[in-house]
Number of protein chains: 2
Amino acid sequence: MGTARVDGRVERGNATRRLVLGRTMEIASVEGLGGLSLGRIATELNLSKSGVFALFGSKEELQLATVRAAGSVFAAQVVEPVRDVPPGAGRVAALCASWLAYSRDRTFPGGCFFAAVTAEFDARSGPVHDAIAKAHLDWTAYVEETVREARIAGGLTDGADPAQLAFELIALMELANLYSVLHGDPAAYDRAGTGILSRLRSVATDPAGLPERLGG
Amino acid sequence: MGTARVDGRVERGNATRRLVLGRTMEIASVEGLGGLSLGRIATELNLSKSGVFALFGSKEELQLATVRAAGSVFAAQVVEPVRDVPPGAGRVAALCASWLAYSRDRTFPGGCFFAAVTAEFDARSGPVHDAIAKAHLDWTAYVEETVREARIAGGLTDGADPAQLAFELIALMELANLYSVLHGDPAAYDRAGTGILSRLRSVATDPAGLPERLGG
DNA sequence: CCTACCGATCGGTAGG
DNA sequence: CCTACCGATCGGTAGG
């Protein structure tokens, strides 16, 4: 009986955690992690301020938990859908298309969560900066690895530099997100798609095998 | 004598304005425009809070004045040095090199001021968003125009799409700034320079006339 | 009647 | 998870 009561409380706590993190991800994508406050979250979700505090321990822990939760959403929305695409130029293109869809479809209301919080914390120091920097390095490494696999699989020429190509692809994706959110201009996704396909065609062993457009 | 006294007060007011805006540009490039507070500025600069308030009228006006001041710095640091370079692919390259130097040399301590505040306000609405969005459009239009002039001058092939090329060049510059600030990795500027020159060579009528490296 | 400030304080909210 | 508070600081305004 005592155990059942404790389990019930733990379950309610986890449900409240998910409720809170769903809202903090939304807020942070629009206003940044600095837009989070315990009192505001509590009021919006009909919780007490100290109740939210008890679940996360501090404002910084709430920010870190929000970054972790957004990482899970990113993995599910961007990486997971491409999991079964075989290595090659087509897999690189599919990964970029998946990212553009994640941004365009507003998985988070303010566009890419990480674009928002990375710019917010890039010049600061501390645990939140470090968590965001690690997420950024992980994503960069994943794109580079996808390019490297494509070259090993024979889909890209040996002259393709994985680090350079990944940098250029990510740059195009990031600017599409910024333009779209800042100006409400979805045409930026077409520009990014055009640029990405242009880069890939220039190093693909079978350019004709690539799609004509990306997302759009 | 009465006139001299009034002039002295106006001059002191202008000097204080410049003092305040110099500091708010620094703060905003690191922490965003949300990091500005009248009390903090007053404390740091040994002014009274109400004195700072009297100079700007409201926090939002302080933010808008900071954006305008940063626009002047950007024009002086990025655009002005390239003013006398004749239209052509070399002028486009010089403009990009000027931007990379502006970011690399930390004209603002947190890297490009506009990269920081654009990501902060892109998903919000209001006068500050609008001022930032206009600055972004102006810069984009200036890069496009520089590309267009280069084409008219015969430096770029007729196939070069100014809007697409400007988008790709700006994307590379922006990501170099982000990487450098986030990871303290100056090699990102080399990656951006390599990408920019690669784009320009692919559409230049005289690729050999372009520099071998950009900034670096 | 103007400016560029001052010390003090308004109603509210921050993290804890 | 709650109420009830703390030291401090927020943007903004009072009279002088």
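Owing to the predicted nature of the structure, the values given are computational and were not obtained by experimental measurement. Numbers restart at 1 for each chain; the letters A, B, ... are given by sequence-line order, proteins then strands.
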Q: Considering just the side-chain nitrogens and oxygens of B:S37, establish if one lies under 4.0 Å of OP1 or OP2 belonging to D:dG11.
A: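 Yes, because at least one side-chain N or O of B:S37 sits under 4.0 Å from OP1 or OP2 of D:dG11.
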Q: Determine the contact category for B:L62: base if any of its heavy atoms lies under 4.0 Å from a base atom, sugar-phosphate if only primed atoms, P, OP1 or OP2 are that close, otherwise nothing.
A: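 No contact.
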Q: Where the side chain of B:A54 is defined as all heavy atoms beyond and including C-beta, which of D:dG12, C:dC5, C:dG16 is the nearest nucleotide?
A: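 Given the options D:dG12, C:dC5, C:dG16, the side chain of B:A54 is closest to C:dC5.
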Q: Specify the separation, in whole Å, of atom CG of B:L36 and atom P of D:dG12.
A: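 Rounded to the whole Å, the gap is 12 Å.
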Q: What is the distance, to the nearest angstrom, from the CG atom on B:L55 to the C1' atom on C:dA4?
A: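 For the pair B:L55 CG and C:dA4 C1', the rounded distance is 7 Å.
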Q: Minimum heavy-atom separation for A:F113 to A:M25, with atom names?
A: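 Scanning both residues completely, I find the closest heavy atoms to be CD1-O, 3.8 Å.
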Q: Roughly how far apart are B:I196 CD1 and B:L100 CG, rounded to 0.5 Å?
A: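 Reported value, rounded in 0.5 Å steps: 5.0 Å.
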Q: What contact category does A:S50 fall into here, base, sugar-phosphate, or nothing, at under 4.0 angstrom with non-hydrogen atoms?
A: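 Answer is base: heavy atoms of A:S50 come under 4.0 Å of a base.
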Q: Measure CG/B:L47 against C1'/C:dC5 and give the value in whole Å, please.
A: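 Answer to the nearest Å: 9 Å.
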Q: Could you tell me the separation between the NZ atom of A:K59 and the P atom of C:dG16, rounded to a whole number of Å?
A: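 Result: 9 Å.
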Q: If I take atom CG in residue B:L38 and atom P in nucleotide D:dG11, what distance separates them, rounded to the nearest angstrom?
A: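 The distance from CG of B:L38 to P of D:dG11 comes to 5 Å, rounded to the nearest Å.
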Q: Atom NZ of A:K49 to atom P of C:dG15: distance rounded to whole Å?
A: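 Taking atom P of C:dG15 as the reference, NZ of A:K49 is at 7 Å.
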Q: When the distance from CG of A:L45 to P of D:dC1 is rounded to whole Å, what number comes out?
A: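 Nearest whole value for this atom pair: 11 Å.
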Q: Establish, with yes or no, whether the OP1 or OP2 oxygen of D:dC1 is under 4.0 angstrom from a side-chain nitrogen or oxygen of A:T16.
A: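 For D:dC1, OP1 or OP2 has a side-chain N or O of A:T16 closer than 4.0 Å.
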Q: Just how far, in rounded Å, is C1' of C:dC5 from CD1 of B:I41?
A: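 Rounded to the whole Å, the gap is 17 Å.
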Q: Could you give the distance separating C:dC5 and D:dG15 at their C1' atoms, to the nearest angstrom?
A: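 D:dG15 and C:dC5 have their C1' atoms separated by 13 Å.
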Q: Taking the same atom, C1', in D:dA8 and in C:dG12, what whole-Å distance lies between them?
A: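 Roughly 13 Å separates the two C1' atoms.
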